Visitor: 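Could you have a look at this structure, given as structure tokens, before my questions?
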Amino acid sequence: MERLSSRGASLARFFRLSEERWEGFLLMALVVGLLSGVLAVALRSAVHALFHALEPARLGPAGILIPAFGALIGVMIVRDLFQEPAGHGVPAVIRAVCLRGGRMRVRAIASRWLGSLANVGAGGSAGLEGPIVYSAGALGAVVAERFGLDERRRSILVGCGVAGGISAIFNAPMTGLIFATEIILAEWSAFSIVPVAISAVAATELSRVLLGNEQSFLHAPFEMGVHDLIACIGLGLLSGAVAAALSSGIARAQGIASRLHGRFAPFALGLGVGAIGLAFPMAIGEGYEGAQAAVSSQQDLGILLAVGLLLAKLVATSMTLGSGAPGGMFAPSLVSGAFLGTAFHRIVERIQPVQLQLASEGSYAIVGMSGMVAGVMHAPLTGIFLVMEVTDGYDVILPLMIVSVLSLVVARRFDRHSLYTKELASSGELRRPGTDRQIGVDLSVRDVLDGETIPVHEDLTLEELAEAVRSSSRNHFPVVDRSTGALLGMLDLARVRRQLLDPQLARITLVGTVMETKLPEVLAQAPVSQALEAFERTGQWVLPVVDDEGRFVGLISKSRLFDHYRRELLVQDRSVDG
Amino acid sequence: MKPPEFDLDQASEFLGVPAWTVERWVRQGLLSASTSSPRPSFDRSQLERWARRHGMTVPGKRMRVVRPPADMLADALERGSFSIATSLETASGAIDLAVRSLPDLEQGVKDVLVREVQARERLASTAFGRGIALPHPRRPPSELIQKPLASLVRSERPLDWAAFDAQPVDLVLLVASPTAVEHLEILSRISFALRVPEFVSTLREATSAEQITTRLRELRMSS
């Protein structure tokens with residue numbers, strides 16, 4: 001580790017990097033963008049090759065076993081080979097940025113990359129975006145660590161990796177930029193947007209050079225009229241509900257998986273995915289071929305078939321992602337959104353009272369995609385830009401916007417947090433640096449403790465107390481037991497001043513009689529947010545602090561706390577650039 | 001029926017911040033106020049929700065601070081007792097009598113109080129000087145009594161109380177307060193009253209508790 005950081009320092013010298021210089025940092029963003037592009041293009045090509053190579057076997061008699069083994073191997077790669085927790089990766093990147101100053105491990109670059117190759121390549125219903133976000137984000141973190149960057153720049157380089165990965169895999173630079181900013185960094189300032197944009201451009205261009213500049217989804221031109229816009233209101237509300245259903249389906253499958261024995265869970269749920277694949281081959285794997293069919297209005301006919309395909313995709317995705325197999329939510333959201341849009345279009349055509357000429361099925365499939373992305377990820381901008389870029393669908397920008405925002409509104413009614421942030425929020429870890437909540441948890445009572453107090457005993461008279469504390473400039477004294485050292489109460493000189501100054505009273509009044517005993521004690525290892533809460537509740541200015549065995553260790557005062565609080569806030573302040 | 005409302009001053013008191021801070025919050029759009037009249041007013045329950053959402057503790061939830069009334073000693077004496085003893089021989093006997101003559105207390109509570117006060121006396125004398133002693137329990141007996149009680153015993157035979165001025169004690173004023181704050185308040189009131197020579201004479205001459213409390217209420221705390 002030491003060797004590593006000294007090499008980092010010399011690398012930094014080589015590039016003449018310093019805290020204040022921006023150029024070197026932007027150069028790093030470029031490098032991270034190119035490397036993430038390579039990771040993304042390689043993963044995508046490998047998964048496609050594997051998926052197609054296994055296609056005949058999957059349609060054969062033992063076909064349902066293939067996704068099951070894929071999920072199992074994927075989980076084993078992540079958990080056993082790389083010793084990393086399961087899950088789809090994006091929450092882990094958000095946690096790294098929120099809580100660890102963007103620090104990620106080197107092995108994180110490879111673990112989900114390989115795991116998702118096995119899982120999705122075999123037919124698991126999941127996307128590659130989650131794994132690439134994780135892998136490329138870790139790449140950014142590792143580069144930042146090598147160059148000895150501070151936590152702010154390290155987090156931004158994680159964002160650069162994420163943006164590069166997303167941009168390259170979709171051939172969509174705006175989406176990469178928006179996703180990294182909206183979901184990962186949650187920060188909109190030039191200081192972070194400039195490097196992230198550079199990375200997005202580099203990665204996209206690299207993927208264009210390697211794979212050609214192809215739009216992901218081709219479609220015939222179309223035009224949406226006023227009545228289409230009105231229909232889109234319905235589609236927006238519906239996609240919010242479907243997005244919420246997908247989230248709860250994944251949660252339910254997670255519940256089932258946690259009850260199944262260890263390795264059996266991904267295998268068993270993978271079998272289910274394989275079975276669905278036999279009936280609806282379009283519903284498993286990354287699934288973009290199905291989405292392409294929907295977008296170009298070439299999905300097989302029939303309302304029931306369209307609804308069935310949508311349900312099959314939702315169930316298969318819940319099983320794959322709920323089993324803990326490595327894979328992302330982008331692709332399933334896009335694909336199920338395309339199926340949803342198609343089904344919605346067919347239903348509306350059938351039941352509409354007056355015969356209006358609706359735009360083509362494909363246009364509704366596109367709009368449905370953005371609705372699902374916005375609803376599942378709680379990210380309206382990502383939903384709008386992603387779909388606009390991958391379909392070259394600026395024609396449908398108005399319905400895209402309507403559906404994305406409505407979907408988010410509905411999805412939030414079901415769940416305040418997205419799948420990405422739900423876990424973090426429930427464990428109280430969704431805190432962005434520099435916010436009150438973050439500082440309230442970062443600082444512990446121990447950090448602001450005043451340990452240099454003069455303990456007094458309860459059998460002293462006030463007269464003796466005056467003598468004992470004559471040289472102290474403090475006003476608050478802990479009263480502790482002579483033999484055990486346990487805290488009995490607190491004495492505030494201000495409160496006994498009149499008695500202290502009256503020699504006769506001071507002679508007959510014991511500390512133990514007039515000390516304050518009802519004060520709440522604050523634990524030394526507790527976060528200061530708890531102390532603040534106790535100050536607020538009691539109206540006190542000073543409270544006693546005890547260790548976990550109830551022994552008095554010092555005092556915490558409001559004034560000292562705010563002094564430290566402000567210092568911490570200045571350190572964490574994100575508006576200071578460079 | 002209109003919902004209960006606060007004006008600016010009430011809202012300021014409720015939130016525990018100056019009125020101009022409340023005004024600034026309203027101006028910055030952080031806090032919403034009804035501006036149907038020229039003076040802003042606040043919906044009470046809405047204000048409470050707002051305060052809670054921002055992690056503030058509203059007054060009802062804060063720990064109650066005991067505010068002593070004007071003459072806590074006179075009140076305590078009125079709730080307590082006054083006895084004149086002819087046959088007392090020891091300080092401990094005087095303490096026992098002082099506690100036992102308190103009205104409206106259960107026998108068990110009195111037993112505990114006697115023990116507590118005797119224990120305190122053993123730690124150090126509570127003689128105040130000039131023939132007066134102020135016995136009291138070592139810790140405020142918050143679980144035994146709800147309000148401060150005082151019991152005055154005048155002994156015709158002066159008792160030895162290990163006083164620093166070596167004077168025997170004939171006036172025993174027992175004080176029991178449920179909280180330290182009340183105890184401190186009563187102590188300062190006693191100290192003040194005992195500096196007035198006429199009041200000390202009243203204590204030595206009175207034949208009823210009323211004479212003492214009336215005289216006590218006439219004494220104004222001066223700075």
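Any value given below was found using the heavy atoms of this structure, including those in side chains, with hydrogens, waters and symmetry copies removed. Values in this document were obtained by computation on a predicted structure and should not be read as measured data. Order of the sequence lines sets the chain letters (A, B, ...), proteins ahead of strands, with each chain counted from 1.
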Visitor: Which heavy atom in B/P140 sits nearest to a heavy atom in A/G512, and how many Å separate them?
Guide: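 Reported closest heavy-atom pair: CD-O, 4.4 Å.
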Visitor: Looking only at heavy atoms, what is the nearest atom pair of A/Q499 and B/L184, with distance?
Guide: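 In this case the closest contact between A/Q499 and B/L184 is NE2-O, 2.7 Å.
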Visitor: Step through the shown structure and confirm whether more than 12 heavy atoms of other residues, nucleotides or ligands are within 6.0 Å of CZ on B/R157.
Guide: yes
Visitor: Given that the side chain runs from C-beta out, which part of B/A133 has a heavy atom under 4.5 Å from chain A: side chain, backbone, both or neither?
Guide: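 Neither part, no heavy atoms under 4.5 Å.
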Visitor: Working to the nearest 0.5 Å, report the span between CG of A/L510 and CG of B/L123.
Guide: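 Rounded to the nearest 0.5 Å, the CG-CG separation comes to 6.0 Å.
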Visitor: Quick check: does any side chain N or O of A/T513 sit under 3.5 Å from a backbone N or O of B/R139, one acting as donor and the other as acceptor?
Guide: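 No; judged by distance alone, with no hydrogens or angles, the pair does not exist.
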Visitor: How many angstroms lie between CZ in B/R120 and CG in A/D459, if you round to the nearest 0.5 Å?
Guide: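 Between atom CZ of B/R120 and atom CG of A/D459 there are 10.0 Å.
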Visitor: Kindly check if the number of other-residue, nucleotide or ligand heavy atoms within 6.0 Å of CD (B/Q146) is above 12?
Guide: no
Visitor: Should the heavy atoms of other residues, nucleotides or ligands under 6.0 Å from CZ of A/R566 be counted, would the total exceed 12?
Guide: no
Visitor: How about B/D165: does its CG atom have over 12 heavy atoms from other parts shown lying under 6.0 Å from it?
Guide: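 Check passes, neighbour count above 12.
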Visitor: Heavy-atom distances under 4.5 Å only: say whether B/S177 touches chain A with side chain, backbone, both or neither.
Guide: neither
Visitor: Below 3.5 Å, can you tabulate the donor-acceptor pairs from side chains in residues 500-507 of chain A to any protein atom, sequence neighbours excluded?
Guide:
from	atom 1	to	atom 2	distance (Å)
A/D502	OD1	A/Q504	N	3.1
A/D502	OD1	A/L505	N	3.2
A/D502	OD1	B/R195	NH2	3.2
A/D502	OD2	B/S191	OG	2.1
A/D502	OD2	B/R195	NH2	2.5
A/Q504	NE2	B/F128	O	3.0

Visitor: Does any heavy atom of chain B fall under 4.5 Å from the side chain of A/L488, the backbone, both, or neither of them?
Guide: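 Side chain only.
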Visitor: Are there more than 12 heavy atoms of other residues, nucleotides or ligands under 6.0 Å from atom CZ of A/R497?
Guide: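 Atom CZ in A/R497 is not crowded, with 12 or fewer foreign heavy atoms closer than 6.0 Å.
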